[in-house]
Visitor: 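Supplied in C-alpha cells, the structure appears directly below.
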Amino acid sequence: MMFASKSLIVPTHYNKFHILIHWIVVFVILLQMITGDKIALEFLALRNETITNNGNTSNSQFHILGGVFIFLLMAIRIFLRIKFGVPIPTKKTNALLKFLSTFVHLGIYFILFAIPITGLLAFSTVNIDLSIAHKILVNILYLFIITHLIGVAYHQIFLGDNIMQRITSWKS
Ligand code: HEM
Ligand code: HEM
C-alpha cells in the first residue's frame, strides 16, 4: 500500500484502534444510509415551504451527528496510520491488486471527508448543487465499497491469504 511506504514503521498487523475504527465506520455508514432518506425529506421541506415533514427532524440530527462522527474517526485514522503505520500487502498481492487497493483505500479516505463537508455545507446554506454533489459522492463511495468487497473476497477465496485476519485480529 502506498501509505505504508510513507511511514517509517512497517508493522505486521493493523493497530487495534485502527481495526476498531474500520468497523465502527462500516456500522455508521449503514446508519447514514438509513437516516439519509429522512434528511432528504427535511432538506426538501427546507427548500420548499409548501412541503412539510411534520416537524420531525430527529432523524436528520442523527444523520448530521453520524456524518460528523465519521469525519472525526477518519481524522483519527490518519493519525494512527502516521503513528503506527499499516502492514505491507500480503505476499500473494500482485502489482495490479496493489495499485487497485491503494487507489480504493485512498479514494475512501478522501471521500469520507468530502461527503460530510458537502453535506454540512448543503444543509447549512440550503444549496441544491451541494446536495447533488453530496449524493454523487455517496454513490461513488458505494462503488468504492463494492470494489473493496470484491477485492477482499478475491484475496480470501482465490489467493487464500486470509486477509480478513488482518482487519479482525486484535493484537497489541
Ligand atoms: C460520511 C458521512 C455521510 C454519509 C455516508 C451520508 C449519506 C447520505 C445518504 C445515503 C443520503 C441519501 C441520498 C439520497 O437520498 O439519494 C444523504 C442525504 C443527505 N445528507 Fe448525508 N451523509 C453523510 C454526512 C452528512 C452530513 C454531515 C450532513 C450534514 C448536514 C449531511 C446532509 C445530508 C443532506 C442535506 C441530505 C439530503 C440531500 C438531498 O436530498 O438533496 N450528510 N446522505
Ligand atoms: C463487510 C464489509 C467489509 C469487509 C469484510 C472489509 C474488509 C477489509 C479487510 C480485510 C481489510 C484489510 C486489507 C489489507 O490488509 O490490505 C480492509 C481494509 C480497509 N477497509 Fe474494509 N471491509 C469492509 C467494509 C469497509 C467499508 C464499508 C469501508 C469504508 C467505506 C472500508 C474501508 C477500508 C479501508 C480504507 C481499508 C484500508 C485500511 C485502512 O486504511 O484503514 N471497509 N477492509
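The basis for the numbers below is simple: all heavy atoms, side chains too, and nothing from hydrogens, waters or symmetry mates. Read the numbers this way: they start at 1 and go in the same order the structure lists the ligands and their atoms.
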Visitor: Out of Q156, H155, H148, whose heavy atom sits nearest atom 21 (Fe) of ligand 2?
Guide: H148
Visitor: Could you go through Q156 and I163, starting from their C-alpha distance and side-chain angles, then the distance that decides it, and tell me whether this counts as side-chain contact (heavy atoms from CB on, under 4.5 Å)?
Guide: CA-CA 6 Å; Q156 205 65 27; I163 205 162; 3.8 Å; yes
Visitor: Is the closest side-chain heavy-atom distance between I167 and W23 below 4.5 Å?
Guide: yes
Visitor: Could you tell me, atom by atom, which parts of ligand 2 come under 4.0 Å of a heavy atom of R166?
Guide: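 The atoms of ligand 2 under 4.0 Å from a heavy atom of R166 are 14 (C), 15 (O), 16 (O).
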Visitor: Looking at V26, which atoms of ligand 2 are within less than 4.0 Å of one of its heavy atoms?
Guide: 24 (C), 25 (C), 26 (C), 27 (C)
Visitor: With a 4.5 Å limit on heavy-atom distance, are the side chains of L159 and L97 in contact?
Guide: yes
Visitor: Hey, looking at atom 14 (C) of ligand 2, which of F27, Y142, Y14 has the closest heavy atom?
Guide: Y14
Visitor: For ligand 1, does A122 get within less than 4.0 Å through its side chain, its backbone, both, or neither, judged by non-hydrogen atoms?
Guide: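 For A122, there is no contact with ligand 1 at all, from either part.
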Visitor: Tell me, with the steps shown, if R77 and H22 meet side-chain contact (heavy atoms from CB on, under 4.5 Å).
Guide: CA-CA 9 Å; R77 204 158 157 175; H22 175 275; 3.7 Å; yes
Visitor: Give the atom numbers and elements of ligand 1 that come within less than 4.0 Å of a heavy atom of I64.
Guide: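 Those atoms are 27 (C), 29 (C), 30 (C).
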Visitor: Test of understanding: clusters of I, L, V, M, F, W, Y form through side-chain heavy atoms closer than 4.5 Å, transitively. Do I128 and L137 belong to the same one?
Guide: yes
Visitor: Looking at side-chain heavy atoms only, is the closest gap between I29 and L141 below 4.5 Å?
Guide: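 Heavy-atom side-chain distance check passes, below 4.5 Å.
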Visitor: Against heavy atoms of I115, which atoms of ligand 1 measure under 4.0 Å?
Guide: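 Every atom of ligand 1 under 4.0 Å from some heavy atom of I115: 1 (C), 2 (C), 3 (C), 4 (C), 6 (C), 22 (N), 23 (C).
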Visitor: Counting non-hydrogen protein atoms only, what is the nearest one to atom 39 (C) of ligand 1? Give residue, atom name and distance.
Guide: K135 CE, 3.3 Å
Visitor: If we set the cut-off at 4.0 Å for heavy atoms, which region of V138 has an atom near ligand 1: side chain, backbone, both, or neither?
Guide: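 Under 4.0 Å from ligand 1, V138 contributes side-chain atoms alone.
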Visitor: Which heavy atom of the protein is the closest neighbour of atom 5 (C) of ligand 1, given with residue, atom name and distance?
Guide: Q32 CB, 3.7 Å
Visitor: Going by heavy atoms in the side chains, are I108 and F103 under 4.5 Å from each other?
Guide: no
Visitor: When you measure from atom 21 (Fe) of ligand 1 to each N, O or S atom of H63, which atom gives the shortest distance?
Guide: NE2
Visitor: Which atoms of ligand 2 are found less than 4.0 Å from any heavy atom of R81?
Guide: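 Every atom of ligand 2 under 4.0 Å from some heavy atom of R81: 39 (C), 40 (O).
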Visitor: What do we get for H134 next to ligand 1 when only non-hydrogen atoms under 4.0 Å count, side chain, backbone, both or neither?
Guide: side chain
Visitor: Looking only at distance, does R77 have an N or O less than 3.5 Å from an N or O of ligand 2?
Guide: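 Yes, R77 has an N/O under 3.5 Å of an N/O on ligand 2.
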Visitor: As an exercise, identify every atom of ligand 1 less than 4.0 angstrom from a heavy atom of I70.
Guide: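 Listed by number with element: 1 (C), 2 (C).
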Visitor: Which atoms from ligand 1 have a heavy atom of F43 less than 4.0 Å away?
Guide: 35 (C), 39 (C), 41 (O)
Visitor: Taking both backbone and side-chain atoms of W23, is any N or O found less than 3.5 Å from an N or O belonging to ligand 2?
Guide: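 No, there is no polar N/O contact under 3.5 Å.
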Visitor: Ligand 2 versus Y109, non-hydrogen atoms closer than 4.0 Å: side chain, backbone, both, neither?
Guide: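 It is the side chain that gets close, since no backbone atom is under 4.0 Å.
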Visitor: Are side-chain heavy atoms of S131 and F43 found at a separation under 4.5 Å?
Guide: yes
Visitor: Please say yes or no: joined through hydrophobic side-chain contacts below 4.5 Å, possibly via intermediate residues, are I24 and L112 part of one cluster?
Guide: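 Yes, I24 and L112 fall within the same hydrophobic cluster.
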Visitor: Looking only at N, O or S atoms, which one in H22 sits nearest to atom 21 (Fe) of ligand 2?
Guide: NE2
Visitor: Please report which non-hydrogen protein atom sits nearest to atom 37 (C) of ligand 1, along with the residue it belongs to and the distance in Å to one decimal place.
Guide: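 That would be A40 CA, 3.5 Å.
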Visitor: Can you find a pair of side-chain heavy atoms, one from I88 and one from T93, that are under 4.5 Å apart?
Guide: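 No. Closest side-chain heavy atoms not under 4.5 Å.
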Visitor: Below 4.0 angstrom from a heavy atom of L149, which ligand 2 atoms are there? Numbered from 1 as shown, please.
Guide: 2 (C), 3 (C), 4 (C), 23 (C)
Visitor: If you have a sec, work out which protein heavy atom is nearest atom 36 (C) of ligand 1 and how many Å separate them, to one decimal?
Guide: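 For atom 36 (C) of ligand 1, the nearest protein heavy atom is I39 CG2, 3.4 Å.
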Visitor: Could you establish whether L120 and ligand 1 come within less than 4.0 Å of each other, counting only heavy atoms on the residue side?
Guide: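 Heavy atoms of L120 do come under 4.0 Å of ligand 1.
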Visitor: How about F84 and H18: do any of their side-chain heavy atoms sit closer than 4.5 Å?
Guide: no
Visitor: I29 heavy atoms, cut-off 4.0 Å: which ligand 2 atoms fall inside?
Guide: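 Selected atoms, number and element: 30 (C).
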Visitor: Considering all heavy atoms of both residues, which atom of S169 and which atom of I19 are nearest to each other, and what is their separation?
Guide: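 Shortest heavy-atom separation between S169 and I19 comes out as O-CD1, 3.2 Å.
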Visitor: Set out, in order, the CA-CA distance, both residues' side-chain angles and the distance that settles side-chain contact (heavy atoms from CB on, under 4.5 Å) for F99 and T102, then state yes or no.
Guide: CA-CA 5 Å; F99 170 78; T102 303; 5.9 Å; no
Visitor: Set out, in order, the CA-CA distance, both residues' side-chain angles and the distance that settles side-chain contact (heavy atoms from CB on, under 4.5 Å) for R166 and T90, then state yes or no.
Guide: CA-CA 10 Å; R166 286 154 61 111; T90 68; 3.6 Å; yes
Visitor: Give the atoms of ligand 1, by number and element, whose distance to some non-hydrogen atom of G36 is under 4.0 Å.
Guide: 9 (C), 11 (C), 12 (C), 17 (C), 18 (C)
Visitor: Below 4.0 Å from ligand 2: does a non-hydrogen atom of V25 turn up there or not?
Guide: no
Visitor: Taking the side chain as every heavy atom from C-beta outward, state whether F71 and I117 have any pair of such atoms under 4.5 Å apart.
Guide: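 With C-beta onward as the side chain, the pair touches.
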Visitor: Test of understanding: given a 4.0 Å heavy-atom threshold, classify the contact between I108 and ligand 2 as side chain, backbone, both, or neither.
Guide: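 Near ligand 2, I108 shows its side chain, while the N, CA, C and O stay back.
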Visitor: Is there a path from I150 to I145 through hydrophobic residues (I, L, V, M, F, W, Y) whose side chains come within less than 4.5 Å of each other?
Guide: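 Different hydrophobic clusters.
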Visitor: Less than 3.5 Å between some nitrogen or oxygen of S131 and one of ligand 1, yes or no?
Guide: yes
